[in-house]
S.K.: 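I have a structure I would like to understand better, so I am pasting it below and will then ask my questions one at a time.
The first residue in the sequence is number 1, and the count goes up from there.
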Amino acid sequence: MSERISIAVVGSGYVGLVATACFAEIGHRVICVDNDEAKLRTLESGGVPIHEDYLPELLNRHRGHSVEFTSDLGAATREAQAVFIAVGTPQSRTGSADLSYVDAVASEIARSIDEYKVIVEKSTVPVYTNEWIRRVVERNGVSRELFDVASNPEFLREGTAVVDFLHADRIVVGADTDRASDLMKSIYAPLTSGEYYRSSNAVPGPRGEGNAPPLLQTSTKAAEIIKHASNAFLATKISFINVVANICEAAGADVEEVARGMGMDSRIGPKFLKAGVGYGGSCFPKDVAAFRHVAEQLGVDFGLLKEVEKINDEQRRRFFQKVRSALWTFRGKRIGVLGLAFKGGTDDIRESPALDVVRQMLHEGSIVTAYDPAASDRAKELIPPGPQMRYVNDAYAAAQDADALVILNEWQEFAELDLKRLHYTLRYPIIIDGRNLYEPMKMLEHGFTYLSVGRPGLTHTRDAVTPRVR
Ligand code: UDX
């Protein structure tokens, strides 16, 4: 049996809340700390403020026994053997990560240290942050023997965060002392030993008893860099395939075939080669900028990342032009929109390419009717409903009498639409798909004019110019 460890998690955002639920799920006692009293009340009464598979079930399973919520960081620190910092590290005006929350939390933790603790960076932070945390804690009068700082980056994706945590590709632990690394190894032992997967109500996923996730131990600095470098690399892969898509478009080839051919090379791999409207979300844009800033600070020229960002911005603009090429003008046009979140499977709209495209369409005078299975409420806060902007509750309502339908993220239900019904519902059967969810030939056979990314656009000539007559 693995040891039950007392853990404090500071921050109840995506990372903190998922870590809280998952640490409890693998047998530890977790106190989740936040200074937002309203959020704490929601969490205590069974509410879950984010859309994440398995999260409500796990919090229900462990709330009150293994999971507690509090605003008292001092008390939580005193009870914990390890304190995970999972607060936000937003982008500052210069592009660097704003570490003021981490700094404030480190000082507060320091004031409550009375016996040995490991302070763990879980937020994505630039290299050297562990040293700053160490200095801050020492400045607050805590002696070196009473604490260590470790780095344990997470690689979870929104929407699949719980499975990503419990069935990780790898667990990275950056620790510079044996004492710290031993505690970290004990925390993850239920996963690395395979023990967790034997439990009958374990969350299912790719890992199992004989296929447990490896734990990679590194220096704290290496762990910090692994996180930034991984996200920057994945963003680079996406920008790369988006440029290849643009080449395909110009040459008359299909980027899906090209990506398949590239991905079959095991050195390249098939993942993150999906061309589209560009990446968004709370991580990639911020982390690419922060890593570029880290490089600059260290005197290293990482111009490649500037290019990755430029391509990503350009991809949204290109897509908007594609919509224009199908509609000619925007003023007064009714456009159905599927997808508002930065990707499918989440309610997160941070840095969403979809919202950018919608804003541009509104700016040019279109009337937009939008549907997203989870993100509409959040989108309404940024783009309030009004005469030009309507939110509806299903895909066909978005398409109803529209001059064109624009697909902006990849919820599974957007890829499974009844094409006959869709054709009948639209005023003009024109679809501009920013996520390549359909086969172009199939769409043509169903009478659609179908434009996608990095594939030849197919125009169904008769229907494209003649509105459907009811
Ligand atoms: C990402 C990382 O994957 C995760 O490891 C890290 O911890 C946080 O950042 P997330 O932001 O949840 O996770 O989303 P992800 O699924 O990685 O997608 C990021 C963006 O890239 C989305 O906008 C998505 O639509 C886009 N994307 C992804 C593509 O355009 N093409 C792809 O092939 C993959």
Side-chain angles (χ1 to χ4, degrees), residues 157-159 230-265 267-281 283-285 288 304-326 337-346 351-358 360 404-412 414-417 430-444 448-459:
R157 289 162 302 170
E158 289 180 16
S230 300
N231 272 359
F233 187 81
L234 291 170
T236 304
K237 218 173 161 187
I238 297 170
S239 277
F240 189 92
I241 199 66
N242 279 334
V243 179
V244 172
N246 300 339
I247 290 174
C248 288
E249 232 166 88
D254 181 338
V255 71
E256 296 296 323
E257 287 181 0
V258 173
R260 211 169 303 134
M262 288 169 65
M264 285 166 83
D265 184 326
R267 293 168 302 175
I268 297 174
K271 294 183 181 162
F272 280 71
L273 280 183
K274 187 87 189 145
V277 287
Y279 61 79
C283 290
F284 284 177
V288 171
L304 173 65
L305 293 185
K306 232 190 167 72
E307 203 55 35
V308 167
E309 290 171 321
K310 195 174 120 201
I311 293 164
N312 197 50
D313 290 343
E314 185 55 31
Q315 199 64 9
R316 298 176 188 194
R317 271 195 293 278
R318 274 184 73 100
F319 183 76
F320 182 69
Q321 290 311 329
K322 190 168 291 180
V323 181
R324 186 195 296 285
S325 76
V337 163
L338 299 185
L340 296 164
F342 78 97
K343 64 173 188 177
T346 177
E351 300 287 330
S352 171
L355 290 195
D356 249 19
V357 173
V358 168
Q360 287 183 62
L405 184 70
V406 176
I407 302 177
L408 292 171
N409 72 23
E410 69 282 49
W411 282 91
Q412 190 56 31
F414 298 165
E416 293 168 350
L417 296 171
I430 300 173
I431 296 182
I432 306 106
D433 178 357
R435 299 290 184 161
N436 290 358
L437 299 185
Y438 289 93
E439 276 304 316
M441 278 315 290
K442 185 173 166 201
M443 298 307 271
L444 191 66
F448 288 101
T449 286
Y450 179 71
L451 304 182
S452 52
V453 179
R455 304 187 294 182
L458 296 178
T459 303

S.K.: Between Asn436 and Val453 (side chain of the first, backbone of the second, donor and acceptor by atom type, cut-off under 3.5 Å), is there such a pair?
M.R.: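 The answer is yes, because a donor-acceptor pair under 3.5 Å joins these two groups.
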S.K.: If you look only at pairs with a residue in residues 235-244, which of them pass as a side-chain hydrogen bond (donor to acceptor under 3.5 Å, both in side chains), with sequence neighbours excluded?
M.R.: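 Not a single pair qualifies under side-chain hydrogen bond (donor to acceptor under 3.5 Å, both in side chains).
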S.K.: Below 4.0 angstrom, N of the basic side chain to O of the carboxylate: do Lys274 and Glu256 qualify?
M.R.: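 Looking at Lys274 and Glu256, the cut-off is met.
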S.K.: Once rounded to the nearest 0.5 Å, what's the spacing between atom NZ of Lys442 and atom OH of Tyr450?
M.R.: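 That separation rounds to 10.0 Å.
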S.K.: Hey, could you give me the CG/OG1 distance between Leu444 and Thr449, rounded to the nearest 0.5 Å?
M.R.: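 Here the interatomic distance stands at 8.0 Å.
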S.K.: In Å, rounded to the nearest 0.5 Å, how long is the span from CZ of Arg157 to OG1 of Thr346?
M.R.: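 Arg157 CZ to Thr346 OG1: 12.0 Å, rounded to 0.5 Å.
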S.K.: Work out which heavy atom in Glu410 is nearest to a heavy atom in Leu437; give both atom names and the distance.
M.R.: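 Where Glu410 meets Leu437 most closely, the heavy atoms are CB-CD2, 3.9 Å.
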S.K.: What pair of heavy atoms forms the shortest contact from Tyr279 to Asn312, and how long is it?
M.R.: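 Heavy atoms only, the tightest pair is N-OD1, 2.7 Å.
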S.K.: Examine the side chains of Tyr438 and Asp433 and answer whether a donor and an acceptor come within less than 3.5 Å of each other.
M.R.: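 Short answer, no.
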S.K.: Just wondering, do Leu338 and Val406 contact through their side chains at under 4.5 Å, heavy atoms?
M.R.: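 With C-beta onward as the side chain, the pair stays apart.
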S.K.: Salt bridge (charged side-chain N to carboxylate O under 4.0 Å, His left out) between Lys306 and Glu309: does it pass, once the steps are laid out?
M.R.: CA-CA 5 Å; Lys306 232 190 167 72; Glu309 290 171 321; 5.8 Å; no
S.K.: Working note: Leu405 + Ile430, criterion side-chain contact (heavy atoms from CB on, under 4.5 Å); need CA distance, chi angles, decisive distance, verdict.
M.R.: CA-CA 6 Å; Leu405 184 70; Ile430 300 173; over 6 Å; no
S.K.: Any chance you could measure Asp356, atom CG, to Phe319, atom CZ, to the nearest 0.5 Å?
M.R.: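 With rounding to 0.5 Å, CG (Asp356) is 12.5 Å from CZ (Phe319).
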S.K.: Please tell me if the side chains of Leu451 and Ser325 come closer than 4.5 Å, counting only heavy atoms from C-beta onward.
M.R.: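 Yes - at least one pair of side-chain heavy atoms lies under 4.5 Å apart.
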S.K.: If you measure only the distance, is there a donor-acceptor pair under 3.5 Å linking the side chains of Asn409 and Arg435?
M.R.: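 Arg435 and Asn409 do not have a side-chain donor-acceptor pair below 3.5 Å.
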S.K.: Could you please spell out the steps behind the side-chain contact (heavy atoms from CB on, under 4.5 Å) verdict for Ile431 and Ile407?
M.R.: CA-CA 8 Å; Ile431 296 182; Ile407 302 177; 4.1 Å; yes
S.K.: Using side-chain hydrogen bond (donor to acceptor under 3.5 Å, both in side chains), reason through Glu314 and Asn246 one step at a time and then give a plain yes or no.
M.R.: CA-CA 11 Å; Glu314 185 55 31; Asn246 300 339; over 6 Å; no
S.K.: For the residue pair Leu408 and Val277, what are the closest heavy atoms and their distance?
M.R.: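 So the two residues come closest at O-CG2, 4.0 Å.
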S.K.: Report the C-alpha distance between Leu273 and Val244 in whole Å, list the side-chain angles of each, state the deciding distance to 0.1 Å, and finish with yes or no for side-chain contact (heavy atoms from CB on, under 4.5 Å).
M.R.: CA-CA 10 Å; Leu273 280 183; Val244 172; over 6 Å; no
S.K.: Quick one: CG on Leu304 to CZ on Phe233, what's the gap to the nearest 0.5 Å?
M.R.: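 With rounding to 0.5 Å, CG (Leu304) is 10.0 Å from CZ (Phe233).
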S.K.: Looking at residues at least two apart in the chain, or sitting in another chain, which of them share a side-chain hydrogen bond (donor to acceptor under 3.5 Å, both in side chains) with Lys322?
M.R.: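 Testing Lys322 for side-chain hydrogen bond (donor to acceptor under 3.5 Å, both in side chains), a comparison that skips the adjacent residues, returns Glu249.
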S.K.: Roughly how far, to the nearest 0.5 Å, is CZ of Arg316 from OG of Ser352?
M.R.: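 Interatomic distance, Ser352 OG to Arg316 CZ, rounded to 0.5 Å: 7.0 Å.
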S.K.: Can a side-chain donor-acceptor contact be found between Gln321 and Arg324 if the only test is distance below 3.5 angstrom?
M.R.: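 Side chains of Arg324 and Gln321: pair found under 3.5 Å.
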S.K.: What heavy-atom pair brings Gly252 and Pro456 nearest, and what distance separates the two atoms?
M.R.: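 In terms of heavy atoms, the two residues are closest at O-CG, 4.1 Å.
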S.K.: Give me the atom names and distance for the closest heavy-atom approach of Ala354 to Gly339.
M.R.: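 Looking at all heavy atoms of both residues, the closest pair is CB-O, 3.5 Å.
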S.K.: With a 4.0 Å cut-off, would you call Arg260 and Glu257 a salt bridge?
M.R.: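 Salt bridge flag = no for Glu257 with Arg260.
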S.K.: For the residue pair Pro285 and Gly280, what are the closest heavy atoms and their distance?
M.R.: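 Of all heavy-atom pairs spanning Pro285 and Gly280, the closest is CD-O, 3.7 Å.
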